[in-house]
Amino acid sequence: MLRGLLRRIAAPAHRAADAIPGVRRREDVLSFGQTSKGVTQVRGNGTLVLTDDRLVFLMWMPRRELVIPLAAVEAVDTTRSHLGKTMGRDLLRVCWRDPRGGEDAIAWLLDDLGGWHTALGGGPSG
């Protein structure tokens with residue numbers, strides 16, 4: 001029941017993702033947070049879209065959008081913990097340089113971790 005409610009709430013985000021000419025798209029991605037926002041932020045489900053020039057995370061609730069230009073990405077790897085939140089599975093972590101010159105990172109739990117890792121230029125991932 002909760003999953004159905006989240007999908008109805010997420011419908012506008014899905015339509016926005018459909019409008020992006022995505023190279024790769026994954027729904028039901030769980031964000032473990034953005035480093036620059038600190039440890040107090042909550043995890044959030046959403047849609048992850050990879051285009052030719054950017055990685056976009058559309059969080060369903062609260063509705064948020066994170067756009068990472070691929071030119072700013074400095075590292076793609078896997079981790080089991082991010083911002084003190086631990087998972088029994090590997091997470092995809094993306095590190096990038098923000099427009100002000102600082103560094104930031106985010107980690108997601110998602111299916112096809114190896115495919116996303118490779119698509120983002122991180123090479124094969126186990």
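These figures come from a predicted structure and were not determined experimentally.
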Compare every heavy atom of [Y] with every heavy atom of [X], then report the nearest pair and how far apart it is.
X: Ile106; Y: Ser31; result: CD1-OG, 3.7 Å
X: Met87; Y: Leu109; result: CE-CD2, 3.5 Å
X: Trp60; Y: Thr47; result: NE1-OG1, 3.2 Å
X: Leu83; Y: Gly38; result: CD1-O, 3.7 Å
X: Asp104; Y: Gln34; result: OD2-NE2, 2.8 Å
X: Gly33; Y: His82; result: O-NE2, 3.0 Å

What distance do Asp98 atom CG and Glu103 atom CD have between them, rounded to the nearest 0.5 Å?
->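 Interatomic distance, Asp98 CG to Glu103 CD, rounded to 0.5 Å: 9.0 Å.
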Spacing of Met61 atom CE and Asn45 atom CG [to the nearest 0.5 Å] |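 Interatomic distance, Met61 CE to Asn45 CG, rounded to 0.5 Å: 10.5 Å.
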Group every Ile, Leu, Val, Met, Phe, Trp and Tyr by side-chain heavy-atom contacts under 4.5 Å, then state whether Leu110 and Met59 land in the same group.
->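 In one cluster: yes.
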Spell out, yes or no, whether Leu48 and Leu113 are grouped together once hydrophobic residues are joined by side-chain heavy atoms under 4.5 Å, including indirect joins.
->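 Same cluster.
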Min side-chain heavy-atom separation [X]-[Y] under 4.5 Å:
X: Arg80; Y: Arg89; result: no
X: Leu91; Y: Phe32; result: yes
X: Leu70; Y: Leu120; result: yes
X: Trp96; Y: Glu74; result: no
X: Leu50; Y: Arg25; result: no
X: Glu65; Y: Phe57; result: no
X: Leu66; Y: Val56; result: no

Given Trp116, which of Val29, Val76, Leu55 fulfils the side chain to side chain contact (heavy atoms under 4.5 Å, CB included) condition?
->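 Considering Val29, Val76, Leu55, a side chain to side chain contact (heavy atoms under 4.5 Å, CB included) with Trp116 is found only for Leu55.
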Backbone N or O of Thr86 within a donor-acceptor pair of the Ser81 side chain at under 3.5 Å?
->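 No, Ser81 side chain to Thr86 backbone: no donor-acceptor pair under 3.5 Å.
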Under 4.0 Å between a Lys/Arg side-chain N and an Asp/Glu carboxylate O for Arg26 and Asp112?
->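 Salt bridge absent between Arg26 and Asp112.
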